[in-house]
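Down below is the structure, laid out as structure tokens.
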Amino acid sequence: MTDNAQTINMQDNRTVVGLLRAGDEKCFDALFRRYYKPLCTYATRFVTPARAEELVQDTLMWVWENRTSLLPEMPLKSLLFTIVKNKSINHMSRDTIKNRVIRQLAEDYAEEFDDPDFYLEGELVERLTAALRKMPPEFQQTFRMHRLEGRTHKEIAAALGVSPQTVNYRIGQTVRLLREELKEYWPLVVLLLWPDLH
């Protein structure tokens, strides 16, 4: 392998898509190396590591086989994560996904949400964490209990000594603020926090 693959700027979506459409195998190799591990990590939130690797390989091969239909305006990063998410969901029941993902996120939140190597250099997670930190502490606490610990509004209300309506308001406001702060990332934020949704 030459160094050519290393010189491709994988952040330049338009150039990468153009090279792939032209059948550039070095570009595909660079794409594979950049996304393989993060996608496998993401997929293991839904399926076993062995199944995750199989689904990620299938996804990356699909991209290569369908490279001429790729659009320069379509972010490859979003496309890859979306395909892997959908393939993973097809292999698991919704209840199992929801329970495993919420439990895993709750366990990993403190360490991995701040880990710069999480997924793609932590770009999405860093922005999500920064956006959450801008919010009042009670909003952060309520959102974390709901999305990461999987507690119901009634359970959170009892734990915090507030009404279910207050819990509902805090969660609604947090989601609204996150959507504003992370407009360009919102589809991936949804995949990360609500992977059981279509």
Side-chain angles (χ1 to χ4, degrees), residues 1-94 96-97 100-101 104-105 108 111-131 181-198:
M1 176 62 61
T2 67
D3 289 337
N4 291 6
Q6 299 297 332
T7 63
I8 298 169
N9 178 7
M10 299 308 293
Q11 305 287 353
D12 184 352
N13 192 78
R14 190 170 287 274
T15 297
V16 171
V17 170
L19 289 169
L20 290 174
R21 284 172 61 96
D24 190 312
E25 292 184 13
K26 289 188 175 66
C27 180
F28 178 71
D29 184 63
L31 179 86
F32 196 101
R33 286 203 306 273
R34 174 168 172 76
Y35 286 104
Y36 186 78
K37 188 177 176 183
L39 286 169
C40 285
T41 302
Y42 181 70
T44 56
R45 294 196 179 281
F46 312 102
V47 296
T48 64
R51 174 66 73 185
E53 290 197 37
E54 183 182 310
L55 295 178
V56 170
Q57 288 168 12
D58 286 350
T59 298
L60 288 163
M61 288 314 299
W62 180 90
V63 167
W64 177 249
E65 289 164 4
N66 294 275
R67 60 191 179 277
T68 56
S69 64
L70 296 175
L71 301 174
E73 302 78 27
M74 180 187 293
L76 276 173
K77 181 165 59 176
S78 301
L79 179 68
L80 289 168
F81 274 83
T82 301
I83 294 172
V84 168
K85 174 239 183 183
N86 291 337
K87 283 180 174 290
S88 299
I89 283 179
N90 287 339
H91 283 83
M92 299 287 288
S93 74
R94 288 173 65 88
T96 305
I97 293 168
R100 282 193 61 200
V101 170
Q104 189 71 41
L105 278 173
D108 292 350
E111 297 82 18
E112 291 201 344
F113 268 41
D114 292 322
D115 181 352
D117 294 324
F118 186 55
Y119 296 150
L120 298 169
E121 291 77 54
E123 177 186 354
L124 173 62
V125 177
E126 282 173 15
R127 287 174 183 254
L128 174 60
T129 303
E181 285 279 328
L182 303 165
K183 283 193 290 283
E184 70 274 33
Y185 291 92
W186 190 244
L188 284 180
V189 172
V190 172
L191 291 187
L192 185 64
L193 292 175
W194 293 274
D196 50 324
L197 298 180
H198 287 297

I need the minimum non-hydrogen distance between [X] and [Y], along with the two atoms involved.
X   : Y   : answer
A52 : C40 : CB-O, 3.9 Å
M10 : A30 : SD-CB, 3.9 Å
T44 : P49 : CG2-CA, 3.7 Å

What's the separation between atom [atom1] in [X] and atom [atom2] in [Y], rounded to the nearest 0.5 Å?
X   : Y   : atom1 : atom2 : value
F28 : M61 : CZ    : CE    : 5.0 Å
K26 : L19 : NZ    : CG    : 11.5 Å
L60 : L55 : CG    : CG    : 11.0 Å
I83 : N86 : CD1   : CG    : 8.0 Å
K85 : S78 : NZ    : OG    : 12.5 Å
L71 : R21 : CG    : CZ    : 7.0 Å

For P72, side-chain contact (heavy atoms from CB on, under 4.5 Å) partners two or more places apart
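P72: side-chain contact (heavy atoms from CB on, under 4.5 Å) contacts with R14, V17.
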Are the side chains of V16 and I8 in touch, meaning some heavy atoms are under 4.5 Å apart?
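Sidechains of I8 and V16: in contact.
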Would you confirm whether N13, through its side chain, and E73, through its main-chain N or O, come within 3.5 Å as a donor-acceptor pair?
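Flag not set: sc N13 to bb E73 has no pair under 3.5 Å.
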Considering only residues two or more places apart or on different chains, which pairs with a residue in residues 61-71 satisfy side-chain hydrogen bond (donor to acceptor under 3.5 Å, both in side chains)?
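The answer is none; no pair qualifies.
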Identify which one of L80, V56, T59 satisfies the side chain to side chain contact (heavy atoms under 4.5 Å, CB included) criterion when paired with Y36.
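Among the candidates, only V56 passes.
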Applying salt bridge (charged side-chain N to carboxylate O under 4.0 Å, His left out) as the test, list every pair that has at least one member in residues 50-62; sequence neighbours left out.
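Matches after skipping sequence neighbours: R51-E54.
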Could you pull out all residues at least two apart from E25 that satisfy side chain to side chain donor-acceptor pair (under 3.5 Å)?
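Side chain to side chain donor-acceptor pair (under 3.5 Å) list for E25, sorted by chain: empty.
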